[in-house]
Amino acid sequence: MNVLVTGGAGYIGSHTCVELIEAGHTPIVIDNLCNSSAKSLDRVREITGTAVKFYEGDVCDETALEKILSENAIDCVIHFAGLKAVGESCSIPLRYYENNLGSTMTLCRVMAKHGVKKIVFSSSATVYSGDNEMPLRETSKTGNCTNPYGWTKYMCEQILRDIAKADPEWSVVLLRYFNPVGAHKSGKIGEHPNGIPNNLMPFISQTAIGKREKLSVFGDDYDTHDGTGVRDYIHVVDLAKGHVAAISHAAKNKGEAVFNLGTGTGYSVLDMVKAFETANDIKVPYVIAPRRPGDLATCYADPTKSREVLHWEAKHDQTDMCRDTWHWQSNNPNGYDE
């Protein structure tokens with residue numbers, strides 16, 4: 001299939017391009033490079049031996065999307081593009097709503113015009129209500145989100161669900177990610193956030209390599225085994241493979257379907273710090289900082305439905321996540337910046 005990958009130069013998008021190519025699909029990428037680098041796609045070519053067709057543009061730009069869908073016979077869309085930092089969304093909520101909802105509606109409008117009615121949406125565990133019991137299942141309560149980022153994902157899910165309900169020719173797959181970490185085993189592509197990382201693992205690895213003086217652990221008074229937040233960390237390559245499984249599902253099934261992509265195991269922040277230190281024989285200095293707004297104590301998945309319906313499950317363990325993160329960071333101390 002020819003797959004339009006929005007945000008395809010980003011962390012998850014670039015890894016998904018690799019897995020799409022290796023599964024025999026052809027990714028075509030649009031990315032505005034606001035939190036990514038076009039060099040990631042050069043690295044995808046190095047890994048796979050296949051160049052990725054790339055359009056620099058914004059998914060909110062209807063003219064840019066018209067050009068891509070006119071020039072390429074697109075079979076399916078994987079929609080990654082969006083702003084994604086929980087903390088930042090609390091400080092600039094309007095930008096998050098405008099960008100994340102606007103891009104999704106513009107994309108779907110242009111897709112429909114060109115008869116492209118298969119979409120895999122990059123959603124998030126943040127759509128789940130904070131008062132659910134763990135583990136989270138696809139049937140767990142959604143809404144009552146704890147931050148604007150989560151609300152944008154919740155609203156985009158609803159938009160896509162309504163489109164599929166209104167037009168039975170649509171196939172919508174909603175993938176609720178837990179916490180992507182790690183990097184490709186080659187060390188050629190990985191997570192390269194702008195500025196101070198919002199996610200744990202790049203913060204750990206940048207501290208380990210000396211770019212950061214110390215890791216800030218946000219809160220040590222949660223109701224968890226060591227007081228720090230517990231999350232379901234999933235290797236980015238496993239996550240990427242989940243998208244390949246999802247487009248196969250979309251090709252065979254109409255309507256709307258939702259799946260958790262996680263491991264089913266929760267690790268605390270300090271669990272991950274210790275695992276990183278052990279896997280890579282390196283110390284990570286850290287300090288306890290105040291809690292961040294919008295963070296929950298515990299969040300992990302029940303991935304049973306993905307295993308049974310998509311025939312997908314996570315294969316990489318905590319050691320793989322830590323080792324591959326450090327392999328990427330130590331080979332690319334400044335990420336994609338030379």
| field | Hydrophobic cluster membership, Val269 vs Met134, 4.5 Å side-chain cutoff | value | no
| message | Using modelled atom types and a 3.5 Å cut-off, is there a donor and acceptor pairing between side-chain atoms of Asn332 and backbone atoms of Gly187? | response | yes
| Lys53, NZ atom: more than 12 neighbouring heavy atoms under 6.0 Å | yes
| Within a reach of under 6.0 Å around CG of Asp131, are more than 12 heavy atoms found that belong to other residues, nucleotides or ligands? | yes
| Ile92 atom CD1, neighbour heavy-atom count above 12 within 6.0 Å | yes
| Exercise: identify the closest heavy-atom pair between Ile209 and Pro333 | CD1-CB, 3.6 Å
| task | Establish, from distance only, whether the side-chain atoms of Tyr128 and Arg176 form a donor-acceptor pair under 3.5 Å. | result | yes
| remark: Residues Leu175 and Ala246: closest non-hydrogen pair is CD1-CB, 3.9 Å
| Taking a hydrophobic cluster as the set of Ile, Leu, Val, Met, Phe, Trp and Tyr residues connected by side-chain heavy atoms closer than 4.5 Å, whether directly or through intermediates, do Trp328 and Ile204 fall within one such cluster? | no
| task | Apply side-chain contact (heavy atoms from CB on, under 4.5 Å) to Cys108 and Trp170, showing your working. | result | CA-CA 10 Å; Cys108 290; Trp170 275 80; 4.3 Å; yes
| request: Give, for atom OH of Tyr286 and atom OG of Ser216, the distance between the pair rounded to the nearest 0.5 Å. | output: 12.5 Å
| field | Main-chain N/O of Thr48 paired with Glu22 side-chain donor or acceptor, under 3.5 Å | value | no
| Short side-chain donor-acceptor distance under 3.5 Å, His114 and Glu66 | yes
| query | Of the non-hydrogen atoms in Asn32 and Glu56, which two are nearest, and what is the gap between them? | reply | O-OE2, 4.4 Å
| request: Examine Val284 and Ile196 and state if one hydrophobic cluster contains both, with Ile, Leu, Val, Met, Phe, Trp and Tyr joined whenever side-chain heavy atoms are less than 4.5 Å apart. | output: yes
| request: Please step through salt bridge (Lys or Arg N to Asp or Glu O under 4.0 Å) for the pair Arg45 and Asp42, ending with a clear verdict. | output: CA-CA 5 Å; Arg45 186 190 68 244; Asp42 295 334; 3.5 Å; yes
| request: Using the side-chain contact (heavy atoms from CB on, under 4.5 Å) rule, take Ile119 and Leu160 through it: C-alpha gap first, then chi angles, then the decisive distance, then the call. | output: CA-CA 9 Å; Ile119 186 168; Leu160 291 165; 4.1 Å; yes
| Rounded to the nearest 0.5 Å, what separation is found between the CD1 atom of Ile68 and the CD1 atom of Ile30? | 3.5 Å
| task | May I ask you to decide if Val181's main-chain N or O and Tyr11's side chain share a donor-acceptor pair within less than 3.5 Å? | result | yes
| message | Measuring only between side-chain heavy atoms, which start at C-beta, is Tyr55 closer than 4.5 Å to Asn72? | response | yes
| Would you call the rings of Trp326 and Phe276 parallel, tilted or perpendicular if under 30° counts as parallel and over 60° as perpendicular? | perpendicular
| said: Any heavy-atom pair between the side chains of His192 and Ser36 that's under 4.5 Å? | reply: no
| request: Give the ring-plane orientation class for His243 versus Phe80, where under 30° counts as parallel, over 60° as perpendicular and anything between as tilted. | output: tilted
| Name the one of Ser124, Cys90, Pro93 that satisfies side-chain contact (heavy atoms from CB on, under 4.5 Å) with Tyr149? | Ser124
| Is the Phe218 ring parallel, tilted or perpendicular to the Phe203 ring (thresholds 30°, 60°)? | perpendicular
| said: Please determine whether side-chain contact (heavy atoms from CB on, under 4.5 Å) holds for the pair Ser122 and Ile12, giving the CA-CA distance in whole Å, both sets of side-chain angles, and the decisive distance to 0.1 Å. | reply: CA-CA 10 Å; Ser122 167; Ile12 303 170; 5.6 Å; no
| field | Distance in Å, Asp61 CG paired with Ser103 OG, rounded so as to fall on 0.5 Å steps | value | 12.0 Å
| remark: Which of Thr126, Leu261, Thr263, Asn260 passes side-chain contact (heavy atoms from CB on, under 4.5 Å) with Phe178? Answer is Asn260
| request: Assess whether atom CZ of Arg95 is packed by more than 12 heavy atoms of other residues, nucleotides or ligands within 6.0 Å. | output: no
| said: Looking at Asn100 and Leu83, would you say the former's side chain and the latter's main chain have a donor-acceptor pair under 3.5 Å? | reply: yes
| query | Within a strict 4.5 Å, meaning less than it, do heavy atoms of the Ile163 and Val172 side chains meet? | reply | no
| field | Within-4.5 Å side-chain heavy-atom neighbours: Pro285 and Leu215 | value | no
| field | Check ion pair Asp238-Lys241 (N to O, under 4.0 angstrom) | value | no
| message | Tell me whether Arg212 contacts the main-chain N or O of Gln206 through its side chain, where contact means a donor paired with an acceptor under 3.5 Å. | response | no
| field | Evaluation steps, side-chain contact (heavy atoms from CB on, under 4.5 Å), between Thr142 and Ser129 | value | CA-CA 5 Å; Thr142 57; Ser129 178; over 6 Å; no
| message | Has His15 got a side-chain atom pairing as donor or acceptor with Val237's backbone, closer than 3.5 angstrom? | response | no
| Leu136-Val230 co-clustered via ILVMFWY side chain contacts under 4.5 Å | no
| What's the shortest heavy-atom distance between Gly8 and Asp31, and which atoms? | N-OD2, 3.5 Å
| Could you state the interatomic distance from CG (Leu4) to OG1 (Thr26), rounded to the nearest 0.5 Å? | 12.5 Å
| field | Asp324 and Met201, any side-chain heavy atoms less than 4.5 Å apart | value | no
| field | Ser89 side-chain N/O to Asn147 backbone N/O, donor-acceptor pair under 3.5 Å | value | no
| Less than 4.0 Å between a side-chain N and a carboxylate O, is that true for Glu169 and Lys117? | no
| message | Tell me whether Thr224 contacts the main-chain N or O of Thr228 through its side chain, where contact means a donor paired with an acceptor under 3.5 Å. | response | yes
| query | Measuring from Leu69:CG to Glu62:CD, what's the distance to the nearest 0.5 Å? | reply | 11.0 Å
| Between Tyr336 and Ile189, is any pair of side-chain heavy atoms under 4.5 Å apart? | yes
| Crowding at CD, Glu98 (>12 non-hydrogen neighbours, <6.0 Å) | no
| said: Can you confirm whether the side chains of Asp271 and His225 place a donor and an acceptor under 3.5 Å from each other? | reply: yes
| query | With a 4.5 Å limit on heavy-atom distance, are the side chains of Ile247 and Lys118 in contact? | reply | no
| request: Might you confirm whether atom CG of Asp281 has over 12 heavy atoms from other residues, nucleotides or ligands at distances under 6.0 Å? | output: no
| remark: Heavy-atom nearest pair, Ile288 first then Gly219, reads CG2-C, 4.4 Å
| Pair Asp221 + Arg291: basic N to acidic O under 4.0 Å | yes
| task | Could you pull out the closest heavy-atom pair between Asn99 and Gly82, with the gap in Å? | result | ND2-CA, 3.8 Å
| His235 side-chain N/O to Lys315 backbone N/O, donor-acceptor pair under 3.5 Å | no
| task | Please confirm whether the backbone N or O of Asn2 pairs with a side-chain atom of Asp75, one donor and one acceptor, at under 3.5 Å? | result | yes
| Non-hydrogen side-chain atoms of Val258 and Lys305 separated by less than 4.5 Å | yes
| Are Val5 and Leu174 linked, directly or through other ILVMFWY residues, by side chains that come within less than 4.5 angstrom of each other? | no
| said: To the closest 0.5 Å, what do you measure between OG (Ser205) and NE2 (His327)? | reply: 13.0 Å
